[in-house]
Q: 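I'd like to ask some things about the structure below.
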Amino acid sequence: MNDPRAKEPRNHGPQVGRSVPRKETHAKLTGTAAYVHHLVLPGMLHGKVARSRVAHARIRGIDTRAASALEGVYRVLTAADVGKLIPDPHYGPAFHDQPILAIDKVRFAGEPVALVLAYDPHVAQAAAALIEVDYEPLPAVYDEVEAMTSKAVVHEVLKPAGTFPDLKHLAGKRDTNIALDYHLERGDPAKAFAQAAHVFEHTFKTQQVLHLPLEPFVSLADPADERLTIHTASQSPSFVRIEIARLLGWPENRVRVQVPFLGGGFGAKLYIKLEALVAAAALIVRRPVKIALTMEEQFYTITKHAATLRIKSGVDSAGRIVARECEVWWNGGAYADIGPRVTQKSGFTAPGPYDIDNVSIASYALYTNLPPAGALRGFGIPQLVWAYESQADMIARAIGMDPLEFRRKNILREGRPQATGTPMRDAAIGQVLERLAQRMQWQAPFDRGSGTVRRGRGMAIGFKASISPTTSVAIVNVSADGSCHLLCSTVDMGQASDTAMAQIAAEVLGMPAERIAVVHPDTDVTPYDMATLGSRSTYHMGHAVKRAAEDARDKLLALAGELGVPPETTPIPDLFKKKYGMQAGNVIGMGSFVPAYAPTDHATGQSSNVTPYWMIGATGVEIEVDTETGVVTVTRMINVADAGKAINPAVVDTQLSGAAIMQLGFTLTEQMHFSEGQVTNPSLADYKIPGMLDLPAVIENEAVEANEQAGPFGAKGVGESGTFGVSPAIANAIEDAVGVRLTSLPITAEAVYRALRKAAGRPLDDE
């Protein structure tokens, strides 16, 4: 878990604000870090999934005879086998809508239909290819806007899960593809539009993309002693235990979930992915079962929402936005996953970080016959920022105002209400914007390039609310030698949460962070945490850790008082020796945190306290456009964010650049392509993520000096903030360079070239 050879600093001083080396560095650099992929258990079977080849159809029959007859195959399972173990084998965080294996019908190409078990994974894979399914095709719908009125209905029956307090009202709309429709109304938009000096309306689109952690999904279930242990690459072990126990009708203490290192997650490994399937299979055959997906199979498991966004803005003669109307259609794919929460939590920020008195928002989570969509770094915010920050530049140019000045004039300031009515508190929007402008030297002359290579620059700023309501619990265990264990179910998937949590505990206990070992999530040992998502860990779990450490500290102080020794000068080991006469005993501290929250009104979308804190992120870019090819090169990227007080400044820096680079891929190259619902580019050969040669030559990151008063030691999350402004900043820079506006992602070289030809009055023949 941690490097045992890590040396403690002689004069450790404050731990918060210190760039402590990441705790997992030694294990990862030496190749000793344990992942689920490495785990092998005696008698273990490997599972390989047979998947649907059609997007929407009724299942008339499944022929498993050839697969079962293949030498080395242990067993082939279908939904009929699962149904004997679990009467209602459907799961999901928002709706219980996803079957463990397809029942009666398939809803997307790639849906699991059967599972082959064998001692050799290659035998299992070969057998899975032999399974024949007889389908009766059904009409399908793929586009999110068409899904609003389509006669092709993905789900005939809707079963809300009731998992989250803020979605207790969730019902969906029967006989439609609408899983959730969120509406917000503030002021009188119709009147404000009528009185506006200018009205602008644009539609923007984003594409379906993939999380693509370099560790694909993997889970292993081990049934023994009337219990079930699941080893899994998951961001939400507590939820996995609760959901598996619910499916089986068991008490939670019969299900154990262990999570070692993760090779990335980004939202893909939230809630249930493979866990229900391996659990059912292991209990049916009474042997350990491991399912490890290939890189290709990730394309059929979970994606990021494609979205269509219509945004209408009214502006007065001084350049103030007086009204904004937004409609957002989220392509949720065949199963809801966490899409309804994305639709609501992100939907209410659709007007952007601007002070607008009159707002109307409609945000729809829609079922389609594509692979399911869920949370992906940003939780829907990058799609929204793409729209409102692209339009911000378009409006500024149309009214003859500098884009920076337009933002300055309209930005939300401290204490002013956001569209929900919740006041902005400790949100350094103006500070982030000004710091970005300074670093870009926005007012200085800029080299525009010459010949066939033109240069431009652009900026964009976005914001995000944190997930609420949620719960986090932590335990701090101080040993008799003065060392310490921290137990929490926050999953470190590369974001260095183990290190940050150790720093928070160490700050309270007055010891170096190196003395604190962090126990990886194990639901038999580590207490509840809602999930590792939405940049919530630093704030939510950080509070719980801080309180647990304070509880342990107070007990140590009480022990010193009981023994009549001065706590300031008595080392912890001496306290235990004096108490027990030897090196023995422990002090246990417990802490929990549930932030205050007021649910949005179902009719108006209003709330007096919609989030415990706001995340702010802005990006500025300088680019070159080759007008002969349409190739866009980002030469300089600047990311500025409000992280409150940085717990670990070095980690904050890398979080910002990592997030921005990920969004760079979503902006310029990444896109899932479909034909009749089939993914046609499910490989890294055809789905292009950024490589080293695709990165900007200069990447600069900065967390402004800020303080989140309600955060632990003034801190809040930052893992998503670097994603917000990348896409619109690049689109704005392209228009600045060559005068064309792109409104759909990705911004490929072909898209830019076509726009240039069209602007020159020479469109390509197929246009």
Side-chain angles (χ1 to χ4, degrees), residues 36 41-52 59 61-65 67-68 73-93 95-107 111-119 124 127-128 131 133 157 159 161 163 217-232 234 236-258 271-293 301 335 523-524:
V36 178
L41 297 180
M44 184 179 81
L45 297 170
H46 292 271
K48 290 295 180 179
V49 177
R51 298 178 180 276
S52 166
I59 299 173
I62 303 175
D63 187 347
T64 64
R65 290 173 295 179
S68 298
V73 169
Y74 186 88
R75 187 162 176 184
V76 180
L77 302 178
T78 66
D81 300 295
V82 175
K84 295 173 185 176
L85 174 72
I86 305 171
D88 184 8
H90 292 83
Y91 61 88
F95 287 88
H96 293 150
D97 59 0
Q98 190 158 1
I100 293 174
L101 290 171
I103 302 172
D104 298 331
K105 67 183 286 190
V106 293
R107 294 178 173 86
E111 179 164 6
V113 175
L115 180 70
V116 177
L117 300 175
Y119 289 111
I131 294 174
V133 184
V157 178
K159 296 186 290 184
T163 304
F217 300 90
V218 57
S219 297
L220 191 163
D222 181 18
D225 302 324
E226 300 302 315
R227 299 190 75 216
L228 182 69
T229 299
I230 301 175
H231 307 270
T232 185
S234 173
S236 49
S238 298
F239 180 89
V240 170
R241 178 176 67 168
I242 291 169
E243 190 74 339
I244 296 299
R246 181 192 66 80
L247 283 166
L248 297 172
W250 289 5
E252 287 185 35
N253 65 2
R254 288 183 63 189
V255 178
R256 181 180 190 181
V257 179
Q258 294 181 303
Y271 308 112
I272 298 291
K273 293 300 179 284
L274 297 178
E275 294 87 359
L277 183 55
V278 293
L283 290 170
I284 289 170
V285 300
R286 301 307 303 175
R287 287 175 178 267
V289 171
K290 182 178 185 178
I291 301 177
L293 298 191
T301 305
Y335 298 106
T523 57
D524 269 11

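We number each residue from 1, following the sequence as shown. Keep in mind that the numbers below use all heavy atoms, side chains included, and drop hydrogens, waters and symmetry copies. Note that the structure is a prediction, hence the values are computed from the model and not measured.
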Q: I'd like to check Arg75 versus Asp81 (side-chain heavy atoms, cut-off strictly below 4.5 Å). Are they in contact?
A: yes
Q: Can any side-chain N or O of Ser236 pair as donor or acceptor with the backbone N or O of Tyr271 at less than 3.5 Å?
A: yes
Q: How would you list, by chain and number, every residue that makes a side-chain contact (heavy atoms from CB on, under 4.5 Å) with Ala50, sequence neighbours excluded?
A: Ala114, Ala128, Ile131
Q: In chain order, what residues pass the salt bridge (charged side-chain N to carboxylate O under 4.0 Å, His left out) check against Arg286, with sequence neighbours excluded?
A: none
Q: Check this for me, if you would: do Arg227 and Asp225 make a salt bridge, where the nitrogen-to-carboxylate-oxygen distance has to be below 4.0 angstrom?
A: no
Q: Keeping the roles fixed (side chain from Lys48, backbone from Ile291), state whether a donor-acceptor pair exists under 3.5 Å.
A: no
Q: Could you tell me which residues satisfy side-chain contact (heavy atoms from CB on, under 4.5 Å) with Ala118, sequence neighbours excluded, listed by chain and number?
A: Val123, Ala124
Q: Stepwise, does the salt bridge (charged side-chain N to carboxylate O under 4.0 Å, His left out) test hold for Asp97 with Arg107?
A: CA-CA 11 Å; Asp97 59 0; Arg107 294 178 173 86; over 6 Å; no
Q: Got a second to check how far Leu293's CG is from Phe217's CZ, nearest 0.5 Å?
A: 7.0 Å
Q: Under 4.5 Å between any side-chain heavy atoms of Thr232 and Leu274, yes or no?
A: no
Q: Nearest 0.5 Å, please: how far is CG in Leu283 from CG in Leu247?
A: 11.0 Å
Q: From Phe95 CZ over to His90 NE2, what is the distance, rounded to the nearest 0.5 angstrom?
A: 13.5 Å
Q: Can you sort out the partners of Ala221 under side-chain contact (heavy atoms from CB on, under 4.5 Å), two or more places apart, ordered by chain and number?
A: Leu228, Ile230, Val278, Ala282
Q: Can you find a heavy atom in the side chain of Ile272 that is under 4.5 Å from one in the side chain of Val240?
A: yes
Q: Just how far is it from atom OG of Ser52 to atom CD1 of Ile59, taken to the nearest 0.5 Å?
A: 7.5 Å
Q: For the atom pair NE2 (His231) and CG (Leu41), what is the distance rounded to the nearest 0.5 Å?
A: 5.5 Å
Q: If we only count heavy atoms from C-beta on, is the Lys159 to Asp88 side-chain gap below 4.5 Å?
A: yes
Q: Answer yes or no: is there a donor N or O on one side and an acceptor on the other, between the side chain of Lys290 and the main chain of Val36, under 3.5 Å?
A: yes
Q: Less than 4.5 Å apart, side chain to side chain, heavy atoms only: is that true for Ile86 and Leu248?
A: yes
Q: State, yes or no, whether a side-chain contact exists between Pro89 and Ile103 at a heavy-atom distance under 4.5 Å.
A: yes
Q: Residues two or more places apart in sequence or in another chain: which of them pass side-chain contact (heavy atoms from CB on, under 4.5 Å) with Asn253?
A: Pro251
Q: Do the side chains of Val255 and Glu275 get nearer than 4.5 Å, heavy atoms only?
A: no
Q: Working to the nearest 0.5 angstrom, can you tell me the gap between Thr301 OG1 and Glu111 CD?
A: 11.5 Å
Q: Determine which pairs satisfy salt bridge (charged side-chain N to carboxylate O under 4.0 Å, His left out) with at least one residue from residues 241-250, sequence neighbours left out, and list them in order.
A: Arg241-Glu252, Glu243-Arg246
